[in-house]
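Residue numbering restarts at 1 for every chain, and letters A, B, ... go by the order of the sequence lines. Worth knowing before you read on, the calculation uses all heavy atoms, side chains too, and leaves out hydrogens, waters and symmetry mates.
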2 protein chains.
Amino acid sequence: MTRAIQTFTKYLNSKDLKLTKERKAVLQEIFLHKGHLEAEDILHSLRRKKKRASRATVYRTLDLLVDSGMVRKVDLGHGHSHYEHVLGHTHHEHMICLKCGKVIEFSDKEIERSLKQMCKKTEFKLTSHHLQVFGYCRDCR
Amino acid sequence: MTRAIQTFTKYLNSKDLKLTKERKAVLQEIFLHKGHLEAEDILHSLRRKKKRASRATVYRTLDLLVDSGMVRKVDLGHGHSHYEHVLGHTHHEHMICLKCGKVIEFSDKEIERSLKQMCKKTEFKLTSHHLQVFGYCRDCR
DNA sequence: CTTCTTGCAAACCATTTGCATCATT
DNA sequence: AATGATGCAAATGGTTTGCAAGAAG
């Protein structure tokens with residue numbers, strides 16, 4: 001956590017931006033949660049804890065966090081964005097159920113390998129979060 | 001094309017829905033195009049051809065086509081949906097450039113294989129369009 | 001003729017933005 | 001004190017919806 005704040009501060013400084021209590025609160029909220037969460041989740045969590053931060057500020061801070069590389073923005077096909085932190089979160093991909101919207105995290109060596117090979121051929125550069133699989137989960141198939 | 005109309009008519013009948021000229025026009029527009037296109041594209045194409053169909057009808061028809069399984073709705077991370085027809089369109093997946101938004105279609109036996117195997121393990125049922133890869137294309141890497 | 005469809009405009013929902021006020025460095 | 005940041009409310013952009021008028025079976 002302290003580490004996260006340090007990293008963020010460094011990023012902010014490099015851009016001549018300031019570490020405000022609102023930004024710190026949003027950062028903490030994201031790093032406290034394990035999974036992916038949406039802007040509204042953060043807003044609610046903060047409200048519950050009687051911390052301040054308007055919806056606009058939450059969105060603005062999320063943009064900064066994504067830009068800093070500490071957080072990734074994920075589109076899980078739910079019609080709005082989700083965010084998850086990268087630090088201390090082991091690499092994984094998402095399997096998304098088209099019916100119930102459930103998101104299953106997975107990581108598969110085989111797939112990684114063939115994906116990397118294909119990307120080498122096509123000169124496509126993968127990102128840390130690079131893959132999404134759509135289908136129907138056990139309960140919805 | 002005639003085949004597509006037949007299939008759609010069959011679907012509509014099964015749901016006690018009617019084949020209107022607007023629905024037929026939208027269907028044709030999608031099946032005339034090779035790649036993925038968005039609602040607005042369809043609307044413009046129709047306008048250019050002096051065919052009628054309001055934005056609302058285009059969206060409503062697209063929903064029907066997706067439900068019928070003839071068309072798939074794809075989220076390419078552009079902030080709005082894209083649609084592409086399934087019939088007579090060889091199976092492929094999408095690689096999406098996070099910077100310029102370019103979409104590269106690909107199909108890779110190796111990946112398919114390991115993906116299928118993993119899905120068997122996790123009891124996840126794949127759809128025809130099941131995979132999306134994010135990264136940076138040759139020009140943006 | 002009955003039921004389903006359309007077009008329009010208003011509603012929606014997530015996200016962004018302009019601006020006056022406020023806080024950090 | 002100066003530069004940035006915040007909150008609010010209004011704007012945006014894609015998509016959906018209620019409703020009166022119109023068409024398909």
Side-chain angles (χ1 to χ4, degrees), chain A residues 5-6 8-30 36-47 50-68 71-83 101, chain B residues 5-6 8-30 36-47 50-68 71-83 101:
Chain A
I5 294 178
Q6 283 173 0
F8 194 38
T9 307
K10 209 155 126 189
Y11 165 81
L12 290 172
N13 286 338
S14 80
K15 298 243 169 188
D16 281 315
L17 301 176
K18 294 165 181 172
L19 177 65
T20 63
K21 45 182 167 313
E22 290 84 355
R23 286 181 179 160
K24 204 191 261 183
V26 172
L27 173 69
Q28 287 183 323
E29 216 44 63
I30 280 223
H36 31 77
L37 65 185
E38 44 197 82
E40 212 61 21
D41 292 336
I42 297 174
L43 207 53
H44 286 146
S45 283
L46 291 178
R47 293 266 158 83
K50 304 254 189 268
K51 291 195 182 177
R52 42 176 75 269
S54 67
R55 197 182 316 276
T57 298
V58 168
Y59 278 108
R60 286 189 275 233
T61 305
L62 284 170
D63 281 349
L64 292 174
L65 286 166
V66 169
D67 186 58
S68 79
V71 164
R72 59 198 197 195
K73 188 176 187 172
V74 211
D75 189 333
L76 301 172
H78 293 187
H80 55 267
S81 298
H82 282 79
Y83 301 84
Chain B
I5 294 179
Q6 282 173 2
F8 194 36
T9 307
K10 207 155 127 188
Y11 165 82
L12 290 172
N13 287 338
S14 79
K15 298 244 171 188
D16 282 316
L17 301 176
K18 295 165 182 172
L19 178 66
T20 62
K21 46 181 168 312
E22 289 84 356
R23 285 180 179 160
K24 204 191 259 181
V26 172
L27 173 70
Q28 287 183 323
E29 216 43 63
I30 281 223
H36 32 75
L37 65 185
E38 44 197 82
E40 212 61 20
D41 292 337
I42 298 175
L43 207 54
H44 286 147
S45 282
L46 291 178
R47 291 267 159 83
K50 303 255 188 269
K51 292 195 181 176
R52 44 177 72 269
S54 67
R55 198 185 314 276
T57 298
V58 168
Y59 277 108
R60 285 190 275 234
T61 305
L62 284 170
D63 281 348
L64 292 174
L65 286 167
V66 169
D67 186 56
S68 78
V71 164
R72 59 198 197 195
K73 189 174 186 173
V74 211
D75 189 331
L76 302 172
H78 292 187
H80 55 267
S81 299
H82 282 79
Y83 300 85

Next on the checklist: Testing the basics here: between B:F8 and B:L19, what is the closest heavy-atom pair and its distance to 0.1 Å?
Outcome noted: CD2-CD1, 4.2 Å

Checklist entry - Any donor-acceptor pair under 3.5 Å joining the side chain of B:R55 to the base of D:dG14? => result no

Item to check | Whole-Å gap separating C1' (D:dG7) and NZ (A:K21) | outcome: 13 Å

Item to check | Least distance between heavy atoms, A:A53 atom then A:E22 atom | outcome: CA-CG, 4.2 Å

Checklist entry - Hey, is the main chain of A:E38 close enough, under 3.5 Å, to the side chain of A:D41 for a donor-acceptor pair? => result yes

Checklist entry - Want to settle it: does A:S81 or B:A53 sit nearer the 5' end of DNA chain C, counting the closest nucleotide to each? => result B:A53

Checklist outcome for this item: Within residues 11-18 of chain A, those residues having any heavy atom closer than 4.0 Å to DNA chain D are A:L17, A:K18

Checklist entry - Should the pair A:H78 and A:H82 be assigned to parallel (<30°), tilted (30 to 60°) or perpendicular (>60°) ring geometry? => result perpendicular

Next on the checklist: Reading DNA chain C from 5' onward, which residue's closest nucleotide shows up sooner: A:H82 or B:T20?
Outcome noted: B:T20

Next on the checklist: Can you measure B:L43 atom CG to C:dC8 atom P for me and round it to whole angstrom units?
Outcome noted: 11 Å

Checklist entry - Please give, in whole Å, the distance from C:dA23 C1' to A:R52 CZ? => result 11 Å

Item to check | B:S68 side-chain N/O to B:L65 backbone N/O, donor-acceptor pair under 3.5 Å | outcome: yes

Item to check | Value in whole Å for how far the P atom of D:dT17 lies from CG of B:L62 | outcome: 15 Å

Next on the checklist: Heavy atoms from C-beta onward define the side chain here; which of D:dT6, D:dT17, C:dT6 lies closest to that of B:A56?
Outcome noted: D:dT17

Next on the checklist: With each end axis built from five pairs of C1' atoms, what bend angle do you get for the helix from C:dC1-D:dG25 to C:dT25-D:dA1? Round to 10°.
Outcome noted: 30°

Checklist entry - What pair of heavy atoms forms the shortest contact from B:D75 to A:G77, and how long is it? => result OD2-CA, 4.5 Å

Item to check | Taking every non-hydrogen atom, the tightest pair across B:L37 and B:E29 | outcome: CD1-O, 4.4 Å

Checklist entry - How long is the line joining CG of B:D63 and P of D:dT15, in whole Å? => result 10 Å

Checklist outcome for this item: Between NE2 of B:H80 and C1' of C:dC13 the distance, given in whole Å, is 17 Å

Checklist entry - With no hydrogens and no angle check, is any side-chain donor or acceptor of A:T61 less than 3.5 Å from a backbone partner on A:T57? => result yes

Item to check | 5′-ward residue of the pair A:S54/B:L19 relative to DNA chain D | outcome: A:S54

Checklist entry - Whole-Å distance between C:dC8 P and B:Y59 OH? => result 16 Å

Item to check | Least distance between heavy atoms, B:V71 atom then B:Y83 atom | outcome: CG1-CB, 4.0 Å

Item to check | Distance in angstrom units between B:L46 CG and C:dT6 P, rounded | outcome: 13 Å

Checklist entry - Any donor-acceptor pair under 3.5 Å between the side chain of A:R60 and the base of D:dG4? => result no

